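This is a predicted model, so every value here is computed, not measured. All values below were derived from every heavy atom in this structure, side-chain atoms included, with hydrogens, water molecules and symmetry-related copies excluded.
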Amino acid sequence: MYDGDIASVLISEQQINDKITELAKQIDEDYQHLRGGDLVLVGVLKGAVMVMTDLARALPQPAQLEFMAVSSYGSSTSSSGVVRILKDLDRDIAGKHVLIVEDIIDSGLTLSWLLKNLASRDPASLEVCTLLRKPDAVQVEVPLRYVGFDIPNEFVVGYGLDFAERYRDLPYIGSLDPKVYTSGA
Ligand SMILES: O=P(O)(O)OC[C@H]1O[C@H](OP(=O)(O)OP(=O)(O)O)[C@H](O)[C@@H]1O
Ligand code: HPA
Ligand SMILES: [Mg+2]
């Protein structure tokens with residue numbers, strides 16, 4: 001699959017599984033007081049699709065699954081800084097405990113925009129869970145309650161993450177060989 005495009009495997013399928021289990025346990029403990037009440041997971045499509053479905057299944061307590069689709073990267077390896085809502089939430093989140101589920105925080109521009117947007121809808125609480133973070137790429141500091149892995153400042157793909165809509169279906173996270181985005185292939 002995608003022979004030669006992946007320079008190296010950064011995080012294996014097993015490492016992802018173990019981390020999701022660990023994050024789900026932490027989240028379950030922190031939201032125990034809700035007793036199955038108003039926890040709403042908001043998955044940010046498309047990148048967060050794998051994290052969202054795996055995390056929801058690993059989480060012992062019930063949660064509602066909601067999705068937003070936003071995009072700022074398009075077919076580039078750097079954020080345009082302009083976040084577009086492609087699909088909004090279907091439901092009101094006022095009074096709900098909202099946990100945003102993301103695949104990656106890179107520059108922080110998407111999340112910073114999203115936090116402001118969702119905070120204005122008056123949730124009871126608003127926190128973030130991300131599988132990946134690139135500490136060296138951050139342009140805007142954003143409060144992150146749950147972080148799976150800190151990774152180097154390289155463009156990565158797989159497990160939901162794409163380059164020009166490809167590679168999302170890889171079961172692991174790998175560094176994309178720069179030849180893929182420099183040659184226009
Ligand atoms: O911290 P940032 O620099 O803003 O980057 C992070 C965002 O970029 C990606 O989304 P993208 O715009 O590629 O849309 P996608 O999820 O549909 O791939 C990723 O899924 C995050 O939402
Ligand atoms: O490294 C990345 N890979 C794929 N999508 C992304 N969106 C932000 N950073 C990345
Ligand atoms: Mg993308």
Side-chain angles (χ1 to χ4, degrees), residues 11 15-73 79-151 156 159-162 168 173:
I11 305 170
Q15 286 173 303
I16 295 172
N17 284 345
D18 292 348
K19 187 61 77 177
I20 294 279
T21 306
E22 191 186 311
L23 289 170
K25 191 163 167 278
Q26 276 177 39
I27 294 167
D28 189 49
E29 281 168 17
D30 294 350
Y31 288 89
Q32 226 14 276
H33 63 284
L34 297 183
R35 295 198 173 80
D38 292 311
L39 178 59
V40 180
L41 304 179
V42 172
V44 186
L45 296 172
K46 295 176 189 172
V49 65
M50 307 289 184
V51 193
M52 181 74 165
T53 54
D54 284 347
L55 187 71
R57 281 177 293 181
L59 191 63
Q61 68 174 277
Q64 287 178 27
L65 273 58
E66 298 292 337
F67 294 94
M68 274 182 89
V70 301
S71 188
S72 63
Y73 274 69
S79 172
S80 64
V82 179
V83 181
R84 286 187 307 141
I85 293 191
L86 306 176
K87 180 208 170 297
D88 205 345
L89 295 175
D90 302 325
R91 289 165 184 267
D92 190 6
I93 53 164
K96 304 281 188 186
H97 292 272
V98 173
L99 180 61
I100 297 176
V101 178
E102 262 288 23
D103 51 340
I104 191 164
I105 309 305
D106 193 318
S107 67
L109 292 168
T110 305
L111 186 64
S112 154
W113 181 92
L114 197 60
L115 279 170
K116 282 191 201 110
N117 183 291
L118 294 187
S120 71
R121 307 183 197 197
D122 292 324
S125 67
L126 183 59
E127 302 287 352
V128 181
C129 173
T130 183
L131 183 66
L132 307 174
R133 168 174 63 183
K134 291 186 190 172
D136 299 336
V138 168
Q139 291 179 33
V140 193
E141 286 295 338
V142 275
L144 303 175
R145 179 88 177 256
Y146 309 97
V147 178
F149 301 95
D150 279 331
I151 60 167
V156 295
Y159 195 68
L161 291 136
D162 74 308
R168 292 193 200 273
I173 290 161

Enclosure of Arg84 CZ (heavy-atom neighbours >12, cutoff 6.0 Å): no

Minimum heavy-atom separation for Pro60 to Ala24, with atom names? CD-O, 4.3 Å

Got a second to check how far Met68's CE is from Asp88's CG, nearest 0.5 Å? 4.5 Å

Mind checking the CG-CG spacing from Leu131 to Leu23? Nearest 0.5 Å is all I need. 7.0 Å

Before you tell me yes or no, could you show the steps for Ser72 and Leu109 under side chain to side chain contact (heavy atoms under 4.5 Å, CB included), namely the whole-Å CA-CA distance, both residues' side-chain angles and the distance that decides it to 0.1 Å? CA-CA 9 Å; Ser72 63; Leu109 292 168; over 6 Å; no

State the CG-CZ distance between Asp92 and Arg121, to the nearest 0.5 angstrom. 9.0 Å

Counting only heavy atoms not in Lys116, do more than 12 sit closer than 6.0 Å to its NZ atom? no

Indicate the atoms forming the closest heavy-atom contact of Gln15 with Phe149, along with that distance. O-CZ, 3.6 Å

Provide the closest heavy-atom pair for Val83 versus Val70 in the form atom of the first, atom of the second, distance. CG1-CB, 3.9 Å

Heavy atoms, side chains only, cut-off 4.5 Å: are Leu115 and Pro143 in contact? yes

Please assess Leu59 against Tyr31 for the test side chain to side chain contact (heavy atoms under 4.5 Å, CB included), listing each intermediate value before the final yes or no. CA-CA 11 Å; Leu59 191 63; Tyr31 288 89; over 6 Å; no

For residues Tyr159 and Ile11, determine if any side-chain heavy atom of one lies less than 4.5 Å from a side-chain heavy atom of the other. no

CD1 (Ile105) and CZ (Arg133) are apart, to the nearest 0.5 Å, by 9.0 Å

Take the angle between the ring planes of His97 and His33 and call it parallel below 30°, perpendicular above 60°, tilted in between. perpendicular

What one should report as the nearest heavy-atom pair of Leu126 and Ala119 is CD2-N, 3.7 Å

Check whether Gln139 reaches the backbone of Ser107 with its side chain - one donor and one acceptor, N or O, closer than 3.5 Å. no

For side chain to side chain contact (heavy atoms under 4.5 Å, CB included), just list the numbers for Leu39 and Gln61, CA-CA rounded to whole Å, side-chain angles, deciding distance to a tenth of an Å, and then say yes or no. CA-CA 9 Å; Leu39 178 59; Gln61 68 174 277; 4.2 Å; yes

Within the structure provided, determine whether Leu114 and Ile100 are in side-chain contact (heavy-atom separation under 4.5 Å). yes

Taking the side chain as every heavy atom from C-beta outward, state whether Leu89 and Val42 have any atom pair closer than 4.5 Å. yes

Hey, could you give me the CD1/OG distance between Ile93 and Ser120, rounded to the nearest 0.5 Å? 8.0 Å

Would you mind reporting whether Glu102 and Val51 have side-chain heavy atoms less than 4.5 Å apart? no

Is any side-chain heavy atom of Arg91 closer than 4.5 Å to one of Lys96? no

Show the nearest heavy-atom pair for residues Asp106 and Lys134, with the distance to one decimal. OD2-NZ, 2.8 Å

Carboxylate-amine/guanidinium proximity below 4.0 Å for Lys19 and Glu22: yes

Using every non-hydrogen atom in the two residues, find where Thr53 and Arg57 come nearest and quote the distance to one decimal. O-NE, 3.0 Å

Check: Asp30 and Arg145 side chains under 4.5 Å, non-hydrogen atoms: yes

Nearest 0.5 Å, what's the CD1-CG distance between Ile104 and Leu111? 12.0 Å

